[in-house]
Every structure is written in C-alpha cells, then in structure tokens.
Asker: 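Take a look at the following structure, please.
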Amino acid sequence: MRSGSWTRIVAALLLFTGILVRPDGARAEDGYELWQRYRALPAADASALAARAGSVESDEASNPTIAVAVAELRRALPTLTSGAATGQGGAILIGTPASPRIAALRLPLSRAGEEGFLIREADVGGRRTLVIAGNRPVGALYGAFHFLRLAQQGPLPARIDVAEQPRVKLRMLNHWDNLDRTVERGFSGQSIWDWWKLPNATDPRYIDYARANASLGINGTVLNNVNAKPDMMTAEWIAKAAKVADVLRPYGIKVYLSARWSTPVELKQTATADPLDPAVAAWWKAKADEIYRVIPDFGGFLVKANSEGQPGPQDYKRTHADGANMLAAAVKPHGGIVMWRAFVYSEVDPEDRGKQAYSEFKPLDGKFADNVVVQVKNGAIDFQPREPFHPLFGAMPKTPLMIEVQITKEYLGFATHLAYLAPMWSEVLEADTYAKGRGSTVAKVVDGSLEGHELTGMAGVANIGSDRNWSGSIFDQANWYAYGRMAWNPDLAPATIAREWARQTFTPDPAFVEPATAMMMGSRQAVVDYMTPLGLAHLMATGHHYGPGPWVSDLARPEWNPTYYHRADKNGIGFDRTKTGSNAVAQYAPPVARRFADRRTVGDDFLLWFHHVGWDERMASGRTLWEEMVARYDGGVAAVEGMNRQWAALSSMIDTERAEQIASFLVIQKEEAIWWRDASLAYFGSVSGRPLPQGVRPPAHDLDYYKAIRHPYAPGHH
Ligand code: GCV
C-alpha cells in the first residue's frame with residue numbers, strides 16, 4: 001500500500017474518533033445530520049445573518065408545533081452565526097395570526113394557503129424583524145425550515161419576501177418495514193421503528209426523522225410494509241403505532257398503516273373478508289374507531305390487494321372499488337382516507353404485464369368513494385431505471401390518482417450505486433399525457449389541477465433505515481431530499497434541488513457544488529446505460545434484483561423472467577407493444593400512442609420498450625442496434641469511471657469520513673457497472689450471434705461464468 005493511503009486511513013480513524021479536527025474546524029462527520037448540519041457560516045455571511053436573525057421570538061410557544069419550530073431555529077442559528085464578528089442584532093418572530101404581533105402586520109397570508117408560509121421583513125414594535133408566518137402552526141414550521149435552507153446555502157438575499165405553499169396535499173413516505181424490523185427492498189440496515197421496544201421506549205432518532213421530513217414538508221408516513229401482516233391491526237401493535245404518532249405529531253406528520261385485506265379472517269374474527277359482507281364492514285368500522293381512539297389524527301389505510309399473492313376483494317369476486325369503498329366508509333367519519341394501490345398484475349392473466357393495471361382500473365373510474373385515492377407507480381412495470389409514464393395517468397379523470405415512486409433503489413444498484421433519482425421523477429412528472437390536449441402533464445394529474453381534484457398526493461417508498469447515515473449512503477440522502485422537495489413542488493428542477501442539497505450537505509462552495517451537481521445529474525442515465533439501455537427493462541437477477549440476469553427464463557410465471565421483457569433472439573430484441581404486438585400503446589391518448597408506436601418518433605430511450613427491433617437496423621446515430629447497444633453499455637461504464645475521477649478531484653473539499661465512504665462506494669459501482677456490461681454483452685452477443693465491433697473490449701469472462709454467480713444473501717430481499 002502506498003504511504004499516501006496509510007496517511008488517509010490514519011486521518012480517517014482520528015477523525016472518526018474525534019481526536020483530529022480538520023484545519024477548517026469541521027468535525028468528523030458520519031452523515032447522521034443529513035442536510036441539517038448547521039455548520040458555521042463564513043464570517044461575513046454569519047455576521048449578516050446574525051444582524052437580521054440573531055434571536056428567535058414567538059407568542060405561541062405553548063403550541064407544540066410552534067415550539068419545535070422555535071427549537072429548530074434556536075438550535076441552528078447559534079452555530080450558523082458562530083463566526084459572526086458583529087452582535088446578534090435582528091430578531092425572528094415566528095407564528096400564526098393567533099399571535100397578536102403577527103395579526104397586527106396584516107400579512108397577505110392567503111398566499112400561504114393551509115400549509116404554506118410567508119417570510120418577510122417587517123417593522124414589529126419599532127424593530128426590524130424577520131417574520132415567519134403561516135396560517136397554521138405547521139406552515140410556520142415549514143417556513144422555519146425554509147429559512148434555514150436559505151441560510152445554510154450562503155448569503156441571504158438582500159430582501160427576503162417568500163410565499164410558498166405545497167402543490168400536493170398528501171406528501172407521503174411509504175415504509176416497506178416489517179414487524180420483525182427487516183425492510184423489504186431496504187438497503188440501509190434495519191427498520192428505524194424499533195417495534196419490539198415500542199410503545200414503552202422510543203428512540204431519539206424518531207425525532208430526528210421527524211425534523212428531517214418536516215424540513216421537506218413531508219406530512220404523512222405509512223409505518224409498515226404494503227405486504228402487511230394482520231398483527232398490525234391488533235391492539236398491541238396499534239399502541240406501538242400510536243406512540244410513533246405521538247412523537248411525529250408536532251412536526252405535522254400523520255401516521256398511516258398498511259392494511260392486509262384478509263386481516264379479520266386471519267385474526268379469526270370474521271368468517272370472510274368479502275367487502276360486501278356487513279360483518280366485514282362492521283369489523284373494519286370498529287377497528288377504525290379503535291385506532292382513532294388512540295391516534296386521533298390517524299391518516300388512514302394503504303392497501304396492496306390482489307397483487308403478487310396478496311389477498312383482496314377479487315378473492316370474493318368483488319372489485320377493487322368495492323374493497324376500497326368499504327374501508328373508506330370505516331375511516332370516513334374520522335376524516336381518514338384510503339390509498340388503494342394500482343400495482344396489480346395477475347398470476348394467471350397472460351396479458352402483457354404492462355397493460356394489466358390499466359385494464360383493471362380504468363373501468364372503475366368514477367366508482368371510488370370520495371375519500372379514496374388510487375396510488376399508481378410512475379411506470380407500468382415496476383420502478384425500472386427508466387419507464388414511460390404509467391398509462392393510468394390521465395385515463396381516470398373522475399378518480400384522484402397519486403403517484404408512487406421508489407426512493408430506495410431496488411432496481412438501481414441498491415445503496416452503493418450513485419444514482420440521483422430526481423431527473424427520473426421529473427421526466428415522468430413532465431411527461432404529457434394529452435388527456436385534455438397538449439400540456440396535460442402527469443404533474444397536473446398528480447397535483448389535481450387537470451381535473452380539479454382536492455385529494456392529491458405523492459408517495460415515496462422510503463430508503464430510510466437504522467444505518468447512521470439513514471439511507472445507506474450519503475448520496476442516497478439526496479434522493480430522500482429530492483423526493484420531499486418534489487412532493488412539495490413537482491415542478492422544481494432536479495439540478496436546483498441537487499445544488500441546494502449539496503450546499504447544505506457538504507459546502508456552499510461553488511467549486512464543489514457545481515461539479516457535484518453535474519455528477520448527480522448524469523448518474524441515473526449512467527445506470528440506465530450499464531443496466532437496461534434503449535428501453536430495456538427488468539433484466540435483474542432473480543428475487544433480490546441484484547446484478548444482471550438477462551438470461552433467466554426458467555421461472556414459473558412468464559413475467560418473472562427477464563427473457564419475457566427483452567424477447568431477444570437471433571434476429572432482434574425488444575417487446576413489441578404496438579398493434580402487431582400487445583398493443584399497450586393504445587392505452588395512451590392518441591398523440592402519445594402515435595409517438596410511441598412509430599419507430600421514427602419513439603426515441604432511443606423507449607425504443608425496445610415498445611418495439612422489437614432487428615439487430616442490424618440503423619439507429620439515429622448511424623450505428624446498427626447491436627453496435628448502439630454495445631456503445632451504451634460502454635458509455636455507462638465510462639460514465640462511472642468519470643464519476644470516480646470527478647470524486648477524486650472533489651473529495652479533498654469535504655470531510656474525510658464521508659469522502660472516503662463515497663469513494664469506496666464509487667469503486668463498488670464501477671466494478672458492478674463492468675459486471676453488468678460484461679455479463680449483458682456476453683449474453684446478448686451469444687443470442688444475436690453478432691461479434692463485438694472492432695476495438696471493443698470483450699467481456700472478462702464467458703457467459704457461463706456470469707450465469708453461475710449467486711448472491712443468496714443480497715440485502716432487502718424477502
Ligand atoms: C412490496 C416490487 C418489489 C416488491 C414490492 C412490490 C410492490 O415487485 O420487488 O418487493 O413489494 O414491488 O410494490 O408491492
């Protein structure tokens with residue numbers, strides 16, 4: 001080992017043990033503080049901040065939400081301004097119109113809506129004061145976090161006048177956390193919910209979880225996996241959930257629970273789970289009453305039914321609407337809602353899996369109760385590195401639809417691959433459904449503006465676990481952050497979010513932030529290119545979805561096999577979803593259907609999603625399809641090599657501890673990108689019979705080598 005490496009390792013150890021402090025005074029960091037590090041600002045910025053916001057006042061400190069907002073500001077400002085040369089001049093006043101001093105200002109609070117805020121400077125009792133106000137305490141809390149977001153990023157603007165309110169009503173995290181503390185598709189340790197010790201003991205971490213989420217405006221969390229257990233509905237487990245709800249409540253976060261359809265039968269309290277059976281409806285009504293007695297602001301239920309082996313109303317020849325409406329009636333008197341998932345595909349239906357959710361749900365439009373929202377994944381298959389938008393968006397005008405995205409990276413390299421997901425989500429949100437002509441974007445379906453729905457939402461499958469850094473890697477914190485920011489405002493630009501995250505998480509120095517942002521912005525496309533280029537999908541190994549398995553063709557159900565999705569043979573590759581194939585294109589509005597159906601307009605990104613293309617057909621680049629595919633796999637690997645180089649150049653600008661972890665994960669990513677590229681080219685080369693173009697590096701091993709790789713202990717698989 002080179003002596004330089006030893007020096008870095010020793011430095012990292014000293015930093016870790018707190019013995020060494022960097023010359024710039026920064027403490028060793030393990031990522032626990034996320035984007036809420038509140039480190040000392042440079043002297044000039046600190047002085048300017050102290051002059052305007054040196055102390056914090058409120059007339060409503062007895063309100064628990066205002067109290068946590070005040071506490072957050074008081075926690076942050078002293079360290080942010082610790083390097084200030086001048087005194088603590090200005091004051092912050094935070095609250096709602098319940099505060100006489102805020103009411104007297106007659107602020108235009110209609111701009112803040114139910115949950116938003118205003119931040120502006122005003123004269124309060126003859127003193128220049130920075131006012132953070134909401135119509136409700138939670139708005140003021142979000143305003144406090146917004147102010148800290150601004151303050152952490154560099155000099156405050158000379159004049160502050162901000163008015164914001166969320167575009168989406170339900171800004172939800174979905175935990176796929178099991179009662180034994182394992183996490184389905186979780187790559188960051190155990191569940192943060194220490195169920196075994198609840199309700200008697202809580203963990204201070206729950207408060208930091210609430211602080212982090214409230215800083216983004218997240219206002220709901222589903223505590224347990226959609227593959228739910230009946231036990232969750234027992235008094236013992238409801239008491240545990242109630243304790244978590246108590247901790248999260250001041251932060252404006254409501255608790256929701258995933259409900260297993262067959263719960264009353266499995267608990268041996270009803271003979272059937274038929275939603276139209278009065279005994280079943282009565283059981284759920286009593287259960288809802290019981291929950292609301294201990295969680296008065298309980299949000300409601302999330303349900304995965306008749307999907308991947310989960311029970312559901314169809315077991316009794318009833319529809320999804322019958323099921324959802326029965327549960328909705330149970331929570332309705334308490335103001336609760338039901339989020340009913342549209343992620344369904346049948347174990348017996350031979351129809352293209354990508355078409356099944358639309359086929360089942362579209363006919364139910366208008367049949368759901370008004371406190372039901374149908375939760376639709378961003379794409380029609382399953383959180384692939386790239387999918388076209390789900391055809392249900394725009395197709396159910398009478399039904400509120402919320403979008404579900406996956407923050408945890410089940411199909412994008414788990415926690416060790418750097419893949420910033422905001423560009424993927426934004427690609428879907430910006431997609432035009434043409435449901436009501438041009439401009440009918442998915443974002444407008446989701447925020448309710450297209451059809452005038454009030455009940456709107458976004459759900460993100462959480463990547464949060466017991467790891468010190470919460471998300472398994474530092475850069476995966478950016479995905480949690482970006483999800484929350486986009487749930488607040490689906491139009492926020494991914495690069496803007498990346499910059500604000502990087503400034504708060506690392507340093508506001510543009511010499512770091514700009515290249516780091518560029519690296520993040522290119523990272524998801526790199527994953528697409530080394531895993532599933534040109535519209536390919538679901539080529540991952542069986543079960544755990546870790547690593548390549550494009551050859552897998554022996555699983556019981558056709559749609560469990562990667563060969564089902566790529567359909568490669570010696571002539572070509574791709575899933576024909578046009579009229580000559582499954583005709584899935586017809587599920588989109590005509591202008592979209594026409595674009596996807598035409599080889600000339602579909603574009604490279606979705607080419608093989610919608611078309612079966614000959615290996616020798618020419619692409620826009622002038623290459624044959626086979627040559628293009630090789631170039632994409634190579635490009636993906638090259639991009640990751642570039643990220644490794646880029647990080648080597650940037651890492652000295654931040655603390656050693658996080659820099660080293662990121663560097664080591666980038667090495668893993670590089671090795672795995674090469675594995676994906678080599679295994680995929682070995683396989684597709686064998687199927688196509690085409691040789692690699694001249695000068696292209698052959699795979700390191702033969703196909704059998706890659707086929708023999710097994711990973712029975714890959715994380716996140718249940
Ligand atoms: C919670 C995919 C995942 C499953 C997950 C399912 C779902 O199929 O692999 O682990 O189950 O999606 O969203 O319900």
Side-chain angles (χ1 to χ4, degrees), residues 172-188 191 221-229 232 256-262 301-312 314 320 323 339-347 349 353-354 356-357 360-361 374-385 387 390 392 401-415 421 425 428 457-465 483 531-532 537-547 549 552 555-562 564-565 711 714-718:
M172 308 283 305
L173 282 180
N174 287 183
H175 286 267
W176 285 357
D177 294 16
N178 298 312
L179 307 189
D180 63 2
R181 249 191 127 173
T182 55
V183 180
E184 180 147 353
R185 313 309 178 184
F187 312 108
S188 44
S191 168
T221 182
V222 183
L223 300 182
N224 60 318
N225 191 354
V226 286
N227 291 334
K229 294 280 185 219
M232 194 68 238
Y256 297 72
L257 293 175
S258 293
R260 180 168 167 87
W261 182 258
S262 51
F301 296 121
L302 170 65
V303 184
K304 170 176 178 178
N306 294 119
S307 166
E308 298 189 327
Q310 296 296 312
Q314 290 177 344
H320 287 289
M339 295 163 290
W340 194 269
R341 296 176 89 224
F343 175 69
V344 295
Y345 60 96
S346 156
E347 273 141 51
D349 190 344
R353 171 173 164 188
Q356 293 185 26
E360 279 190 43
F361 277 80
V374 173
Q375 183 165 311
V376 182
K377 285 189 182 180
N378 58 274
I381 300 289
D382 192 10
F383 300 138
Q384 296 303 297
E387 293 190 40
H390 201 299
L392 276 173
L401 301 185
M402 60 192 282
I403 190 169
E404 177 180 325
V405 299
Q406 196 185 44
I407 310 170
T408 189
K409 305 200 315 295
E410 172 183 357
Y411 295 101
L412 288 102
F414 297 5
L421 302 179
W425 301 330
V428 171
M458 274 180 78
V461 179
N463 66 352
I464 298 162
Y483 165 71
M531 287 190 188
T532 52
H538 224 303
L539 306 184
M540 293 75 189
T542 304
H544 47 64
H545 298 156
Y546 172 65
V552 174
L555 303 177
R557 290 285 314 147
E559 72 283 343
W560 291 347
N561 292 294
Y564 169 90
Y565 296 95
H711 283 289
H717 175 44
H718 297 285

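It should be emphasised that the depicted structure is a prediction, and the values quoted were computed from it without experimental measurement. One is the number of the first residue; the rest follow in order along the sequence. Ligands are counted one by one from 1 in listed order, and the atoms in each one are counted from 1 as well.
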Asker: Apply the test side chain to side chain contact (heavy atoms under 4.5 Å, CB included) to residues Ile407 and Trp425: give CA-CA distance (whole Å), side-chain angles for both, the deciding distance (0.1 Å), then the verdict.
Answerer: CA-CA 10 Å; Ile407 310 170; Trp425 301 330; 4.2 Å; yes

Asker: Please report the closest heavy-atom contact between Met540 and Pro385, naming both atoms and the distance.
Answerer: CE-CD, 3.9 Å

Asker: For a side chain to side chain contact (heavy atoms under 4.5 Å, CB included) check, start with the C-alpha distance between Met339 and Asn174, then their side-chain angles and the critical distance, and finish with the verdict.
Answerer: CA-CA 11 Å; Met339 295 163 290; Asn174 287 183; 5.6 Å; no

Asker: Report all protein residues having a heavy-atom distance below 4.0 Å to some atom of ligand 1; order the list by chain, then number.
Answerer: Trp176, Glu184, Arg185, Asn225, Val226, Asn227, Lys304, Glu308, Arg341, Phe343, Lys377, Asp382, Glu410, Tyr411, His545

Asker: Measuring centre to centre across the rings, with the benzene-like ring taken for any Trp, is His545 within less than 6.0 Å of Phe414?
Answerer: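 Between Phe414 and His545, which both carry aromatic rings, the centre distance is not below 6.0 Å.
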
Asker: So does Gln314 get a backbone contact from the side chain of Asn306, meaning a donor-acceptor N/O pair under 3.5 Å?
Answerer: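 Flag set: sc Asn306 to bb Gln314 pair under 3.5 Å.
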
Asker: For Asn227, which residues count as a side chain to side chain donor-acceptor pair (under 3.5 Å) partner, sequence neighbours excluded?
Answerer: Glu184, Lys304, Gln310

